[in-house]
Amino acid sequence: MAERPLLEDITQDTSTRFVSFTTGSHRFELALMRAEYFNNQTMVINLPKNRQALLDLENINQDGHLEHMFQLSAMEAEELRNYLPYLL
């Protein structure tokens with residue numbers, strides 16, 4: 001088999017936390033992964049929607065960021081925004 005060039009190949013220990021919770025109108029099932037590679041951010045994965053984003057306390061409050069990254073309505077994003085500071 002021909003060798004395939006890699007741009008990067010890094011192995012790191014990670015910490016992964018799985019959380020599920022319901023808000024007023026939505027159920028969230030998330031995986032939160034931390035690694036040095038992410039530079040003090042947390043990889044948040046919305047498991048049912050298969051969407052992910054690197055998040056920290058600053059970018060969760062940027063207008064439209066959660067809506068865009070997770071394809072959420074404004075109301076769903078606000079509900080998630082209320083939980084994330086306690087999870088990150």
Side-chain angles (χ1 to χ4, degrees):
M1 180 181 278
E3 193 171 317
R4 296 177 190 239
L6 297 173
L7 296 176
E8 198 169 51
D9 186 2
I10 298 172
T11 300
Q12 285 192 345
D13 290 328
T14 62
S15 169
T16 305
R17 178 180 176 192
F18 295 94
V19 295
S20 296
F21 56 93
T22 57
T23 61
S25 67
H26 195 74
R27 176 185 171 108
F28 291 96
E29 295 179 34
L30 307 174
L32 297 95
M33 187 180 350
R34 293 188 179 155
E36 286 182 32
Y37 185 79
F38 299 140
N39 297 321
N40 296 319
Q41 293 184 315
T42 303
M43 175 66 70
V44 178
I45 305 164
N46 183 330
L47 296 169
K49 289 189 173 188
N50 196 28
R51 302 282 298 179
Q52 68 278 335
L54 282 173
L55 299 177
D56 58 30
L57 294 176
E58 291 181 30
N59 65 12
I60 63 172
N61 291 313
Q62 291 176 352
D63 287 341
H65 189 67
L66 293 179
E67 291 86 339
H68 173 72
M69 298 306 293
F70 294 114
Q71 297 179 337
L72 299 172
S73 69
M75 189 164 105
E76 291 169 334
E78 189 59 32
E79 292 169 344
L80 179 58
R81 195 171 282 116
N82 289 330
Y83 270 83
L84 282 175
Y86 303 104
L87 300 175
L88 298 180

- Step through the shown structure and confirm whether more than 12 heavy atoms of other residues, nucleotides or ligands are within 6.0 Å of CD on Q62. yes

- Closest non-hydrogen atom pair between N59 and L54, with its separation: ND2-O, 3.1 Å

- Working for side-chain contact (heavy atoms from CB on, under 4.5 Å), residues D56 and N40: CA-CA 8 Å; D56 58 30; N40 296 319; over 6 Å; no

- Query: Is H65 close to L55 at the side-chain level, that is, under 4.5 Å between some pair of heavy atoms?
  - Reply: yes

- Task: Would you name the heavy atoms of L30 and L47 that are closest together and state the gap between them?
- Result: C-CD1, 4.1 Å

- If you look at every heavy atom in T14 and A35, which pair is closest and at what distance? CG2-CB, 3.7 Å

- Value rounded to 0.5 Å, distance of CD1 in I45 from CZ in F70: 9.0 Å

- Message: Between L88 and I60, is there a side-chain heavy-atom distance shorter than 4.5 Å?
- Response: yes

- Query: Who pairs with E76 by salt bridge (charged side-chain N to carboxylate O under 4.0 Å, His left out), at least two apart in sequence or on another chain?
  - Reply: none

- Of all heavy-atom pairs between A74 and E67, which one has the smallest distance, and what is that distance? CA-OE2, 4.0 Å

- Query: For the residue pair T22 and Y83, what are the closest heavy atoms and their distance?
  - Reply: O-OH, 3.7 Å

- Task: Determine, step by step, whether L87 and F28 satisfy the side-chain contact (heavy atoms from CB on, under 4.5 Å) criterion, reporting the C-alpha distance in whole Å, the side-chain angles of both residues, the deciding distance to 0.1 Å, and the verdict.
- Result: CA-CA 13 Å; L87 300 175; F28 291 96; over 6 Å; no

- Judged by atom type as modelled, is there a donor-acceptor pair below 3.5 Å linking the side chain of R27 to the main-chain atoms of S20? no

- Above 12 or not: heavy atoms from other molecules or residues under 6.0 Å from NE2 of H26? yes

- State, to 0.1 Å, how close R17 and Y86 come at their nearest heavy-atom pair, and which atoms those are. NH1-O, 4.3 Å

- Would you say Y37 has more than 12 foreign heavy atoms packed within less than 6.0 Å of its OH? no

- Within 6.0 angstrom of E36 CD, more than 12 heavy atoms from elsewhere: no

- State plainly whether one hydrophobic cluster holds both V19 and M69, where clusters connect Ile, Leu, Val, Met, Phe, Trp and Tyr through side-chain heavy atoms under 4.5 angstrom apart. yes

- Task: First locate atom CD of E79, then atom CG of L66, and finally report the distance between them rounded to the nearest 0.5 Å.
- Result: 12.0 Å

- Flag the pair E58 / Q41 as yes when at least one side-chain heavy-atom distance between them is below 4.5 Å, and no otherwise. no

- Give the intermediate values and the outcome of side-chain contact (heavy atoms from CB on, under 4.5 Å) for residues K49 and L72. CA-CA 10 Å; K49 289 189 173 188; L72 299 172; 3.7 Å; yes

- Message: Would a single hydrophobic cluster contain both F18 and L80, if residues Ile, Leu, Val, Met, Phe, Trp and Tyr are joined by side-chain heavy-atom contacts under 4.5 Å?
- Response: no

